[in-house]
Amino acid sequence: MVLGALLVSGDGPGRRVGRIVELEAYIGLEDMASHARFGRTKRNAVMFGPPGVAYVYLVYGMHNCLNIVTEAPGRPAALLIRAVEPVAGEAEMRLARIRRAGAHADYERARQQIERLPSSRLASGPGLVCAAFSIERGHDGLDLCAGNSELRLCDAPAGDEPLPVATGPRIGIGFAPEPWLSRPWRFFVAGNPAVSVPGRNVAGHGQVAE
DNA sequence: GCAAAGATTTGCT
DNA sequence: GCAAATCTTTGCC
């Protein structure tokens, strides 16, 4: 179970930790919404490799997205991390967001805007997760399960309450034909404020999953 | 070798 | 609610 797991970046004072509260699954060559739909290419090569590895790519020419490879080698599948709820290192996340925004837009304006953000909005979108955790394409292929990785995953602490998991159709894949367009392969913690896409973060239209 | 579109975010009308 | 920003990857000539 990856939903509820912790994403950890760095060590010591600059350590950033977030709980994964929103995910999307992209599974197999036949999933017409997945980057794997064209077969193995230079970009998606790590999706065809061993599980537990990071797949990082650039979308729309400006935003990075983080995925976790999930299936055995030869079967391309990954989970897109769409949103994370900050647990530790909020200040560092804000700095990372400001650094990244400053490179593209007016620095002072971006700084003030990000300073005002509630912590639940620091990583509430696939591009924002990477901005807050300083994830770039150089992290493509990184082993997320190795304890000494710069970026790694940890299981949710034992004893935590079970999360109210809801499902729905994936976001931003309007180019894909049915049935892929409507597959309920988006998983999120119902009602959690860090979930992206305001208005679609409540249970009701989808079923409660495992 | 060139044209088109994309697993997004933000700001303005 | 709509369009811009921005550049890599894919697809076709």
Side-chain angles (χ1 to χ4, degrees), chain A residues 2-3 7 20-48 53-71 76-84 93-94 96-141 167-188 193-201 206:
Chain A
V2 178
L3 201 69
L7 181 66
I20 297 171
V21 295
E22 184 179 359
L23 289 170
E24 279 175 10
Y26 292 84
I27 305 173
L29 289 168
E30 54 308 329
D31 181 355
M32 293 308 283
S34 170
H35 287 165
R37 67 187 181 278
F38 301 120
R40 183 182 183 131
T41 65
K42 189 175 179 184
R43 175 174 65 167
N44 66 24
V46 305
M47 284 182 80
F48 291 76
V53 164
Y55 168 45
V56 182
Y57 65 90
L58 182 71
V59 276
Y60 298 110
M62 51 183 72
H63 300 293
N64 293 307
C65 292
L66 171 67
N67 297 252
I68 305 166
V69 178
T70 52
E71 299 270 337
L79 295 171
L80 169 69
I81 308 302
R82 284 194 58 90
V84 151
M93 294 181 199
R94 275 181 216 280
R97 289 276 311 265
I98 291 166
R99 269 198 306 273
R100 192 156 210 294
H104 294 288
D106 176 45
Y107 179 83
E108 189 57 23
R109 182 197 182 112
R111 188 186 66 75
Q112 291 187 9
Q113 171 123 359
I114 292 168
E115 290 291 349
R116 290 201 318 267
L117 283 177
S119 66
S120 62
R121 301 271 88 182
L122 284 176
S124 58
L128 301 180
V129 170
C130 289
F133 281 76
S134 309
I135 297 166
E136 295 174 32
R137 277 169 302 158
H139 294 97
D140 194 46
T167 66
R170 293 173 288 181
I171 308 291
I173 56 163
F175 60 88
E178 295 288 5
W180 315 109
L181 182 59
S182 300
R183 283 275 151 87
W185 284 353
R186 172 173 176 250
F187 304 86
F188 56 98
V195 171
S196 70
V197 194
R200 289 207 239 181
N201 65 336

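Small disclaimer: the values here were computed from a predicted structure and weren't measured. Every chain is numbered from 1 and lettered A, B, ... according to where its sequence line falls, protein lines coming before strand lines.
- The cationic atom of R111(A) (NZ for Lys, CZ for Arg) does not lie both less than 6.0 Å from the six-membered ring centre of Y107(A) and within 45° of the ring axis.
- Nearest-nucleotide mapping onto DNA chain B: of Q113(A) and M47(A), the residue sitting toward the 5' end is M47(A).
- Judged as a salt bridge (Lys or Arg N to Asp or Glu O under 4.0 Å), and not counting sequence neighbours, E136(A) has no contacts.
- Nucleic acid contact class of L58(A) (heavy atoms, under 4.0 Å, all strands): sugar-phosphate only.
- When the side-chain hydrogen bond (donor to acceptor under 3.5 Å, both in side chains) test is applied to Q112(A), the partners found at least two apart in sequence or on another chain are E108(A).
- With a heavy-atom cut-off of 4.0 Å to chain A, the contacted part of DNA chain B has its first and last nucleotide at dG6(B) to dC12(B).
- Shown are Y26(A), Y55(A), F38(A); of these, the side chain to side chain contact (heavy atoms under 4.5 Å, CB included) with N44(A) is made only by Y55(A).
- Taking atom C1' in both dA7(B) and dG1(C), the straight-line distance is 22 Å, to the nearest Å.
- Nearest-nucleotide assignment on DNA chain C puts the 5′-proximal partner with H63(A), out of R137(A) and H63(A).
- Ring orientation note: the planes of W185(A) and W180(A) are tilted relative to one another, at an angle of 30° to 60°.
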Original post:
Where do I20(A) and L79(A) land on the side chain to side chain contact (heavy atoms under 4.5 Å, CB included) test, with the steps shown first?
Top reply: CA-CA 11 Å; I20(A) 297 171; L79(A) 295 171; over 6 Å; no
Original post:
Dot-bracket for DNA chain B: what is it, with Watson-Crick or G-U pairs under 3.5 Å, [ ] where a pair crosses earlier ones, and | for a pair to another strand?
Top reply: ||||||.|||||.
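- Residues from residues 30-43 of chain A placing a heavy atom under 4.0 Å of any atom in DNA chain C, listed by number, are F38(A), T41(A), R43(A).
- The CE atom of M47(A) sits 9.5 Å away from the OG1 atom of T41(A) when rounded to the nearest 0.5 Å.
- The pair E115(A)-R94(A) fails the salt-bridge criterion, with no side-chain N (NZ, NE, NH1 or NH2) lying under 4.0 Å from an Asp/Glu carboxylate O.
- Looking at heavy-atom distances under 4.0 Å, Y57(A) makes contact with a base.
- Taken from OG in S134(A) to NE2 in H139(A), the straight-line distance is 7.5 Å, to the nearest 0.5 Å.
- dT6(C) and dC2(B) have their P atoms separated by 23 Å, given to the nearest Å.
- The salt bridge (Lys or Arg N to Asp or Glu O under 4.0 Å) pairs that include a residue from residues 124-135 of chain A number zero, where partners must be two or more places apart or lie in different chains.
- With rounding to the nearest 0.5 Å, the separation of CD1 in I81(A) from CG in L128(A) is 14.0 Å.
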